[in-house]
Amino acid sequence: MKIHQFYTACLAQASYYIDSDGVAAVVDPLRDVDTYLEMANQNNATIRYVLVTHFHADFVSGHIELADRTGAEIVFGPEATPGYPAHIATQNEELPLGSCSIRVLHTPGHTIESACFLLSDEKGNPNAVFTGDTLFVGDVGRPDLLSGNLDANELASRLYDSVKNQLAPLPDHVIVYPGHGAGSACGKDLGSANQTTIGEQRSYNPAFVQTKEAFVSGIVEGQPLAPSYFFKDAMINKQGYEHLDTVLQRSRKPLSVDAFEQEITLGATILDTRKVTYPSHKIICGSLYIGLDGQFAIWAGALVPFDKPLVLVCDPGTEEEVITRLSRIGYDRCVGYLENGMEAWEAKGGAVSMIFSIKEEVVSEHMIDGQPVYFLDVRKPSEFETGHVSGAVHVPLDQLTSKIPLLDKERCYAVYCAGGYRSLIAVSLLLKENFKCVYNIIGGFEAIRSGFSLPVNHEVIQ
């Protein structure tokens, strides 16, 4: 028996390859399925099942394409209603896999069709459980997404029952392979580890240690704002989608400066994904900057308009990677990328903006060149509460677009996040809205806290 985890940091998402005696199953694959095909080929295995834990909201799953290319059977748990051929398993149904077996556990709560897949060895002993978004390390899946006519409290109640009735009875040694890790918006307090055990979770996970009443109220309250694309991706996964090759063929198109400008005139969003340069980084006026070197897909999903065409400014050679990462979250309307990049744009006299970055000591006196500076903290509320620059304005990045009208365009803002990735995105959003004096703080709050040249409030939430 072999288990391999594919962890995609860009999405904080995990998919899995399971192999027993040359028969394989893949759990929650991404849309670009070649990695699973390559692993099966290396192991001289045939992929028999594509196991889908639920209709994912945060990415477009590759189950349809993988099944089309291998002849594998798509398997959902009870109550799933896909718009394409699939096997809807019954509760406790056993799926043979070589000398091993996989048992389907219906675990509604995150969604009504959520299921976990319990892998047992050749002797019938439980070995591992693939929990999707039902159980994470230290957390559970949020119960407030698209799930028929059930509200968040009803789903949270069902989620508690699912964990207690289906997962809690498993032996302590059973390895838990979750669908997501830290950074995912599918929960609110996911741990950083990529796997755990039932025994470990039994000791501290709220779903195991709290009363049902405390669990339901705690899991419903304080959930982060779900990106709007979540609801679109859930429907895409339920109804079906184009193969990735079709999307790449349509989108992997170099655009001359004139063609690029024409697309902008027609309403396309400009997305700049290049590696940032310090202390200044030129972008096309009106661009949204989201670097490819961080949690790109998560922030693209939160901030890029889903139903508008998209044009790209990329580092040479990364165009296909950018398009692929966007397609993973259902952004299939990319119409091309700027041929020869910023060099071509500037050669034609195209308008540019500048993202300026500074070190925290430059603004230690809340001044730059004699001008007062106001600090803008774009981290999550939980991050802000544990420490922030005294007097900082707090607007989480995923809320910045809607709250920009509340900020004063006449002020000069120094923007920070935890390490400097989100603040660059925030600066581009402010420049897009014609703020004239905006700076990114290099290294974010980690640099500020270690430098102590700025007054910092430390608040610990009990």
| task | Report the C-alpha separation of Asp133 and Ser114 in whole Å, then their side-chain angles, then the decisive distance to 0.1 Å, and conclude whether the side-chain contact (heavy atoms from CB on, under 4.5 Å) test is met. | result | CA-CA 8 Å; Asp133 289 19; Ser114 287; 5.8 Å; no
Residue pair Asn41, Leu37: steps toward the side-chain contact (heavy atoms from CB on, under 4.5 Å) verdict = CA-CA 6 Å; Asn41 184 58; Leu37 296 171; over 6 Å; no
- Verify side-chain contact (heavy atoms from CB on, under 4.5 Å) between Phe260 and Val313, making sure each step is shown before the conclusion. CA-CA 10 Å; Phe260 194 86; Val313 183; 3.9 Å; yes
After noting the C-alpha distance and the side-chain angles of Leu397 and Cys417, does the key distance pass the side-chain contact (heavy atoms from CB on, under 4.5 Å) rule? CA-CA 9 Å; Leu397 179 56; Cys417 59; over 6 Å; no
Carefully, step by step, assess Lys238 and Glu113 under the rule salt bridge (Lys or Arg N to Asp or Glu O under 4.0 Å). CA-CA 11 Å; Lys238 185 174 183 178; Glu113 79 286 347; over 6 Å; no
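Closest approach of Ser61 to Asn237, counting heavy atoms only: N-OD1, 2.8 Å. Listed here is the closest heavy atom pair of Leu400 and Leu429: CD2-CD1, 4.0 Å. Between Ile88 and Glu79, the closest heavy-atom pair is CG2-N, 4.3 Å. Leu118 and Pro126 make their closest contact through CD1-CB, 4.1 Å (heavy atoms, listed as atom of the first residue, atom of the second, distance). What you find for Phe6 and Met39 is that their closest heavy atoms are CZ-SD, 3.8 Å. In terms of heavy-atom proximity, Cys334 sits nearest to Leu312 at SG-CD1, 3.6 Å.
Put simply, the side chain of Tyr289 gets close to the backbone of Arg274: a donor and an acceptor are under 3.5 Å apart. Remark: side-chain polar atoms of Ser99 are not paired, donor with acceptor, to backbone N or O of Glu122 under 3.5 angstrom. Tyr229 places a side-chain N or O within 3.5 Å of a backbone atom of Asp58 that can act as its donor or acceptor partner. Tyr36 contributes a side-chain N or O that, together with a main-chain N or O of Leu30, makes up a donor-acceptor pair within less than 3.5 Å. Using modelled atom types, one side-chain atom of His394 and one backbone atom of Arg379 make a donor-acceptor pair closer than 3.5 Å. Here the side chain of Gln91 pairs a donor or acceptor atom with the backbone of His106 at under 3.5 angstrom. Side chain of Tyr241 to backbone of Gly330: no donor-acceptor contact under 3.5 angstrom is found. A donor-acceptor pair is defined here as one N or O able to donate and one able to accept, closer than 3.5 Å; no such pair exists between the side chain of Lys2 and the backbone of Ser20. The backbone N or O of Ser251 sits nowhere less than 3.5 Å from a side-chain atom of Tyr337 that would complete a donor-acceptor pair. Side-chain N or O atoms of Gln13 include one that pairs as donor or acceptor with a backbone N or O of Asp28 at under 3.5 Å.
Considering only heavy atoms from C-beta on, Arg142 stays 4.5 Å or farther from Ile219 through its side chain. Between Val415 and Asn440 there is no side-chain heavy-atom pair separated by less than 4.5 Å. Side chains of Pro381 and Pro396 form a contact here, defined as non-hydrogen atoms less than 4.5 Å apart. In this structure, the side chains of Val311 and Leu338 stay at 4.5 Å or more apart for every pair of heavy atoms. Under the 4.5 Å side-chain criterion, counting only non-hydrogen atoms from C-beta, Val140 is in contact with Phe215. Contact check for Phe375 versus Ile441: side-chain heavy atoms found under the 4.5 Å cut-off. Within the 4.5 Å cutoff, no side-chain heavy atoms of Thr197 are placed close to those of Asp172. Counting only heavy atoms from C-beta outward, the side chains of Asn205 and Val163 never approach each other to under 4.5 Å.
A salt bridge is absent between Asp121 and Lys123; no separation between the charged side-chain nitrogens and carboxylate oxygens falls under 4.0 Å. Ion pairing between a basic and an acidic side chain is recognised when a charged N comes within 4.0 Å of a carboxylate O; Glu263 and Lys253 show no such pairing. Taking a cutoff of 4.0 Å between a charged side-chain nitrogen and a carboxylate oxygen, Asp398 and Lys380 do not qualify as a salt bridge. Electrostatic pairing of Asp332 and Arg31 counts as a salt bridge here, judged by a charged N lying under 4.0 Å from a carboxylate O. For the pair Arg325 and Glu321, the salt-bridge criterion is met [side-chain N within less than 4.0 Å of a carboxylate O].
Taken from CG in Leu105 to OG1 in Thr134, the straight-line distance is 9.5 Å, to the nearest 0.5 Å. For the atom pair Leu11 CG and Phe296 CZ, the distance stands at 10.0 Å (nearest 0.5 Å). Separation of atoms CG (Leu159) and OG1 (Thr111) is listed at 10.0 Å; rounding is to 0.5 Å. In this structure, the separation between CG on Leu288 and CD1 on Ile283 is 8.5 Å, given to the nearest 0.5 Å. Interatomic distance, CG of Asn127 versus OG of Ser120, reported as 8.0 Å (0.5 Å rounding). Note that CG of Leu66 is 10.0 Å distant from CG of Asp34, once rounded to the nearest 0.5 Å.
Classified by interplanar angle (parallel below 30°, tilted 30° to 60°, perpendicular above 60°), the ring pair His63/Phe76 is perpendicular.
For the side chain to side chain contact (heavy atoms under 4.5 Å, CB included) with Phe117, the qualifying choice from Val52, Thr53, Val129 is Thr53, the only one to do so.
For His54 and His110, the ring centers are positioned less than 6.0 Å apart. For Phe130 and Tyr177, the ring centers sit closer than 6.0 Å to each other.
Residue pairs meeting the side chain to side chain donor-acceptor pair (under 3.5 Å) criterion with at least one member in residues 302-320, sequence neighbours excluded: Lys232-Asp307, Arg252-Glu320.
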